[in-house]
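Keep in mind that the numbers below use all heavy atoms, side chains included, and drop hydrogens, waters and symmetry copies. All values derive from a computational prediction rather than experimental measurement.
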Amino acid sequence: MAEELALLVADVFEAAGALRRAGEALAGAEGQTQARWQLMSVVSEESLPVARAARRLGVARQGVQRIANELVRDGLAEFRDNPDHRTSSMLALTPSGRRALEAITARAEVAHRAMGEGIAQADLATLRALLRRLTEQTDQWAEAEAEAEAEAGTGTGTGAEAGGAKRGARSRAATDRLPE
């Protein structure tokens, strides 16, 4: 079991790399990067504070802030007042940002059809369910490990690792309920 899981992890990393390269190519064809595409996608349905967008993406707030500032500078997004928190603006797409996102999404739909050719929809659904389950179980393991280290006082760092594990354990649904 452990050996098979290790092989799966290697396969997932390889697939992630291939998908990342494809995403960069898709976004690049529209003058964007994959990181910009991901952030535009996250704020496409509702404006969000940068911190919440970062949590949804599972990355550091500082990196997302830099990308958000670039999107605003380029007229693809704008900062709006946050009625719930006066010092944490909301990031929202502009009409130009929506058009850019729609163009990338259209390219991605064509690419996804080609990438998925010959793979049954039921197989894709099963794979997605298994990956979500593995992700959840991995996050639970990482959180338990971090808590055990914290309780035992055996943490090797400043506590950031434990916080990172706990952040990773939050599901996408849970990020919607997090306070800013």
Side-chain angles (χ1 to χ4, degrees), residues 9 12-115 128 131-132 134-136 138-139 142-143 146 157-180:
V9 168
V12 168
F13 284 143
E14 185 175 356
L19 292 169
R20 204 172 6 267
R21 289 187 298 277
E24 283 295 344
L26 291 167
E30 296 298 331
Q32 302 301 320
T33 64
Q34 182 171 348
R36 289 167 62 111
W37 174 19
Q38 288 173 339
L39 182 54
M40 287 191 291
S41 182
V42 164
V43 299
S44 65
E45 292 185 26
E46 65 175 327
S47 56
L48 294 172
V50 168
R52 185 175 295 165
R55 282 193 298 271
R56 282 195 179 173
L57 291 168
V59 297
R61 183 200 55 78
Q62 294 85 349
V64 174
Q65 184 69 59
R66 181 186 55 78
I67 294 166
N69 291 343
E70 291 174 3
L71 291 173
V72 169
R73 179 197 67 211
D74 295 345
L76 300 172
E78 62 188 5
F79 289 115
R80 296 181 180 162
D81 289 339
N82 182 346
D84 297 326
H85 198 284
R86 64 183 169 96
T87 62
S88 179
S89 300
M90 307 283 272
L91 183 67
L93 290 183
T94 62
S96 294
R98 289 201 179 283
R99 285 191 297 276
L101 179 59
E102 288 167 3
I104 298 168
T105 302
R107 285 183 181 277
E109 288 173 4
V110 171
H112 291 160
R113 279 193 292 275
M115 290 175 199
R128 285 187 63 225
L131 282 174
R132 284 192 309 270
L134 178 60
T135 299
E136 182 178 307
T138 301
D139 286 343
E143 184 173 356
T158 61
E161 295 85 359
K166 289 181 182 181
R167 269 194 307 281
R170 295 181 181 134
S171 70
R172 286 187 185 178
T175 60
D176 292 341
R177 297 187 302 270
L178 292 173
E180 289 312 306

Donor-acceptor pair, distance only, cut-off 3.5 Å: does the side chain of Ser88 make one with the backbone of Pro49?
no
Considering only residues two or more places apart or on different chains, which pairs with a residue in residues 13-29 satisfy side chain to side chain donor-acceptor pair (under 3.5 Å)?
none
With sequence neighbours excluded, tell me which residues meet side chain to side chain contact (heavy atoms under 4.5 Å, CB included) with [X].
{"X": "Arg113", "value": "Glu109, Val110"}
{"X": "Val72", "value": "Ala77, Phe79, Leu91"}
{"X": "Leu19", "value": "Met115"}
{"X": "Thr138", "value": "Leu134"}

Is it the case that the side chains of Arg99 and Ser96 hold a donor-acceptor pair, with the cut-off being a distance below 3.5 Å and no angle test?
yes
The test is side chain to side chain contact (heavy atoms under 4.5 Å, CB included); show your working for Arg98 and Leu76 and say whether it passes.
CA-CA 8 Å; Arg98 289 201 179 283; Leu76 300 172; over 6 Å; no
Looking only at non-hydrogen atoms, find the nearest pair between [X] and [Y] and report the distance.
{"X": "Leu71", "Y": "Gln32", "answer": "CD2-OE1, 4.4 Å"}
{"X": "Ser44", "Y": "Leu101", "answer": "CB-CD2, 3.4 Å"}
{"X": "Met40", "Y": "Gly97", "answer": "SD-O, 3.9 Å"}

Nearest 0.5 Å, please: how far is [atom2] in [Y] from [atom1] in [X]?
{"X": "Thr105", "Y": "His112", "atom1": "OG1", "atom2": "NE2", "result": "9.0 Å"}
{"X": "Asn82", "Y": "Ser47", "atom1": "CG", "atom2": "OG", "result": "8.0 Å"}
{"X": "Ser89", "Y": "Glu78", "atom1": "OG", "atom2": "CD", "result": "11.0 Å"}
{"X": "Glu102", "Y": "Glu30", "atom1": "CD", "atom2": "CD", "result": "11.0 Å"}
{"X": "Met90", "Y": "Asp81", "atom1": "CE", "atom2": "CG", "result": "10.0 Å"}
{"X": "Gln34", "Y": "Leu39", "atom1": "CD", "atom2": "CG", "result": "12.5 Å"}

Hey, does Arg56 have a side-chain heavy atom less than 4.5 Å from the side chain of Leu48?
yes
Atom CZ of residue position Arg128 - does it have more than 12 heavy atoms of other residues, nucleotides or ligands inside 6.0 Å?
no
Output side-chain donor-acceptor pairs under 3.5 Å for residues 59-69, partner residues at least two apart or in another chain, one line each.
| residue | atom | partner | partner atom | Å |
| --- | --- | --- | --- | --- |
| Gln65 | NE2 | Asn69 | OD1 | 3.0 |
| Arg66 | NH1 | Glu70 | OE2 | 2.9 |
| Asn69 | ND2 | Gln65 | O | 3.4 |

